[in-house]
2 protein chains.
Amino acid sequence: MKNSPKMSDIAKRAGVTLSTVSYTLSGKRPISDAVKQKVYQAMEELGYQPNSLARALVTKRTRIIALLYPAWSSKLGPQSEFITSIAASATDHGYALLLWTSPLTDDEKVMDMTHQGFIDGAILMEVALHDPRVELLQKQHVPFVMIGRYAENADMSFVDLDFDYALETSVRYLVEEGHRHIVLINQSAELLERGIGYVVRSRDAFYREMQKHGLQGIDCCCEANDQAGYEATTNLLNDHPAISAFILMTPWPSGGIIRALTDKGLRIPEDVSLVAIFSPHLAQMTMPALTSVDFPFEEMGRLGAQILVDKLNGIETAARQVLLTPPLTIRSSSGPHR
Amino acid sequence: MKNSPKMSDIAKRAGVTLSTVSYTLSGKRPISDAVKQKVYQAMEELGYQPNSLARALVTKRTRIIALLYPAWSSKLGPQSEFITSIAASATDHGYALLLWTSPLTDDEKVMDMTHQGFIDGAILMEVALHDPRVELLQKQHVPFVMIGRYAENADMSFVDLDFDYALETSVRYLVEEGHRHIVLINQSAELLERGIGYVVRSRDAFYREMQKHGLQGIDCCCEANDQAGYEATTNLLNDHPAISAFILMTPWPSGGIIRALTDKGLRIPEDVSLVAIFSPHLAQMTMPALTSVDFPFEEMGRLGAQILVDKLNGIETAARQVLLTPPLTIRSSSGPHR
DNA sequence: GTGAAAGCGCTAACAA
DNA sequence: TTGTTAGCGCTTTCAC
């Protein structure tokens, strides 16, 4: 980092010019073997490392993509499962991933990094129905793809779980098993208020499907911890003793939920059925293992990165929209109502 | 991104020189209010966004730090809990976090990004006892801190959980509760073979403490999934029917472990005790909630970022070494042996 | 208080 | 096959 050799140093030592060194490195020009030898040797001897900052300044490509996620979800929780798959996929395509937390509030500074040329494109997480980041990115002509969806998605690329489908499937399954009193344990109230797409969509889809079956649903926002799950469940059970099924959108409270059920003397799945929308990992960590619409974090992350990279490479210019519909996997937490 | 205005454009429009614009922005020189006005207005009108790539080229600071983690742990699992806290902390200090997966195998390309001046410093995760990345970073004079430890840590900064302490504590607790046949469910065999610090240290500390009590321990590597947990437990129980306690180092198999126990007709904690070294979130997701040395992901990540930033800002030049010793939190998965 | 000009380390025309 | 040179968009020294 300190006084590192530059191309001119290599050139001097190899007895050629700067550009020859550059071309040797990039291979964009035929170079005689003799010269190649000398250049490589000089680089070796001096321990040369190209300065990609300088390179990026002229090529206008950094090979870095940003992952933008709201600052308030620093406890990203399960969402963080996206991160590793996006990063892995980006790496495979020769890109590095820059994590960039943007306070949704401060529109000005949000993109500080974005526009300054540090990134070639962006992936948005936790997209709200009306997300200021979307407009900003569009205005700045930064290529981006969303994990999640905006309200109005024409001409925008995204990858999302089809939450409408996920909740229809879950509700229908439970209803077919004879359940009539079903509750949706949704994400925290904060996320709902902020209008985060999947939180709103899940709730709406839940009620829509319940109505379709002539049933009245109950929904409830739950903070992402054990305790909150316990309390929410206890309260719900007190208020509506007829409840026989829960749909869980968030994993952290599930321990508390199961404990509350057990403490009430209710058995799973004999007395109460549980259906989750989790990653398979998490769905199988509880006892009993949860029936679940397995959330395809891995696939979604990979696809998101793929789509962005294609866009950056000019392979795909049209918007790509992917909605995934993984099947319901029946495990041990659900069964017929009796 | 496309034809964005540069400083010279602002200068022209404001009727001043390039350098005046630069100084107006940086505030490193007194500028008359009249000029300031004109400059700001011009920036406003043209929608100016400074190009930080160019800036970084001259200042030699990108305000980006890299998080290096081995490519093979793309399913970083719980380790990913570090990522969000590191990112949040970095953001607070004005740095962005660049995720960089380095194949431990290919020493050459590992640091591709590092040396090229794109990053000011690095945080290493999943540090092996003999980690090639450490030597590379040292050779390149890139400031770094480790989450985890090297074999030889003189003059190097790190933050780590004190696994010796964690295992001593766990074993001692179980022994005091009367358990004599204790097994350690460790991370996957691959991690152990690669010599990842905490995996090796945990195993060694486990046997050391068992020996201290005149006991013979059993350890077992387990892949990070439900099924592996089930099988490992079933096999262990068949081979050593006297086992009455498990220490769990990795969360994903725990569902399978609990199910295997239940299927054998063993109750927790009446017949078998479980002690985990997890994040509190995960420890409380199972039923019963796990007694655990709560893994301080949040704190470790925050501290790691803090230490690196201090180093980058020249506040702290000496190496800082932090070893955390969180207490054992007794929950419902453990009790006296009988 | 402001301006002129020399780089930062590289890429890529343009020439030979 | 190789050399020369003009930038990329900014910071900062040196002058005024």
Side-chain angles (χ1 to χ4, degrees), chain A residues 1-40 42-43 46-63 112-120 140, chain B residues 1-40 42-43 46-63 112-120 140:
Chain A
M1 226 58 173
K2 152 172 290 193
N3 251 37
S4 16
K6 13 164 148 182
M7 274 197 173
S8 59
D9 296 326
I10 307 300
K12 204 166 295 170
R13 193 174 233 279
V16 296
T17 47
L18 186 60
S19 67
T20 301
V21 177
S22 173
Y23 282 117
T24 310
L25 226 53
S26 69
K28 293 193 176 176
R29 190 193 240 188
I31 302 283
S32 71
D33 283 355
V35 171
K36 264 187 200 161
Q37 282 308 316
K38 286 192 292 184
V39 170
Y40 282 130
M43 296 199 311
L46 269 49
Y48 175 71
Q49 293 292 134
N51 179 321
S52 46
L53 222 45
R55 191 213 306 277
L57 182 58
V58 22
T59 60
K60 291 176 177 337
R61 297 202 83 191
T62 57
R63 303 225 143 244
D112 251 20
M113 196 112 280
T114 310
H115 306 156
Q116 307 181 2
F118 250 118
I119 63 165
D120 291 345
Q140 320 271 168
Chain B
M1 226 58 172
K2 150 172 291 191
N3 251 37
S4 17
K6 13 162 148 182
M7 275 199 174
S8 60
D9 296 326
I10 307 300
K12 205 166 294 170
R13 194 175 233 278
V16 295
T17 48
L18 187 57
S19 66
T20 301
V21 176
S22 174
Y23 282 117
T24 310
L25 226 52
S26 69
K28 293 194 176 176
R29 188 193 243 186
I31 301 285
S32 70
D33 282 356
V35 171
K36 264 185 199 162
Q37 283 307 317
K38 285 192 295 187
V39 171
Y40 282 129
M43 296 200 312
L46 268 49
Y48 175 70
Q49 293 292 133
N51 179 320
S52 46
L53 220 46
R55 190 211 308 275
L57 182 58
V58 22
T59 61
K60 292 176 178 333
R61 298 202 81 192
T62 57
R63 303 225 141 244
D112 252 20
M113 197 114 280
T114 310
H115 306 157
Q116 308 180 1
F118 250 118
I119 63 164
D120 292 344
Q140 320 271 169

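One finds a side-chain N or O of Tyr48(A) lying less than 4.0 angstrom from the OP1 or OP2 phosphate oxygen of dC10(C). Within the structure, a side-chain polar atom (N or O) of Thr20(B) is placed less than 4.0 Å from OP1 or OP2 of dG3(C).
In the set dT11(D), dT2(D), dG9(C), the nucleotide with an atom closest to the side chain of Ala54(A) is dG9(C). The Lys28(A) side chain lies nearest to dA12(C) when the options are dA12(C), dC10(C), dG3(D). For Thr17(A), the listed nucleotide lying nearest its side chain is dT4(D); candidates were dT2(D), dT4(D), dG1(C). Of the candidate nucleotides dT2(C), dG9(C), dT13(D), dG9(C) has the atom nearest to the side chain of Lys60(B). The nucleotide whose nearest atom lies closest to any side-chain atom of Ser22(A) is, among dT11(D), dT11(C), dT2(C), dT11(C).
Regarding Tyr23(A), its OH atom lies at a distance of 14 Å from the P atom of dA15(C), rounded to whole Å. Here dG7(C) presents its C1' atom at 13 Å from CG of Leu57(A), a figure rounded to the nearest Å. Rounded to whole angstrom, the span from the CG atom of Asn51(B) across to the C1' atom of dT11(D) amounts to 13 Å. At whole-Å resolution of the value, NZ in Lys12(A) and P in dC10(C) are 13 Å apart. Note: CE (Met43(B)) to C1' (dC10(D)) measures 14 Å, nearest angstrom. In this structure, Leu53(A) atom CG and dG7(C) atom P are separated by 20 Å, rounded to whole Å. Distance, Leu46(A) CG to dG9(C) C1': 15 Å, rounded to whole Å. One can place CG of Asp9(A) at 9 Å from P of dC10(C), the figure rounded to the nearest angstrom.
Both Leu25(B) and Leu18(A) sit near DNA chain D, but only Leu18(A) has its closest nucleotide nearer the 5' end.
Note on Ser19(B): a base of the nucleic acid sits closer than 4.0 angstrom, heavy atoms only. Using a 4.0 Å heavy-atom distance criterion, Ile31(A) is classed as a sugar-phosphate-only contact.
Between atom CE of residue Met7(A) and atom CG of residue Asp9(A) there is a gap of 11.5 Å, rounded to the nearest 0.5 Å. To the nearest 0.5 Å, the span separating OG1 on Thr20(A) from CZ on Arg29(A) amounts to 6.5 Å. Interatomic distance, Ile31(B) CD1 to Gln37(B) CD, rounded to the nearest 0.5 Å: 12.5 Å.
Residues Ser19(A) and Ser22(A) have side chains that never bring a donor and an acceptor to within less than 3.5 angstrom of each other.
Side-chain atoms of Thr62(B) come within 3.5 Å of backbone N or O of Phe118(B) as a donor-acceptor pair.
Judged by distance alone, with hydrogens and angles left aside, Arg29(A) brings no side-chain donor or acceptor close enough to the base of dT1(D) to form a pair under 3.5 Å. If you check distances only, the side chain of Thr59(B) never reaches the base of dT11(D) with a donor-acceptor pair under 3.5 Å.
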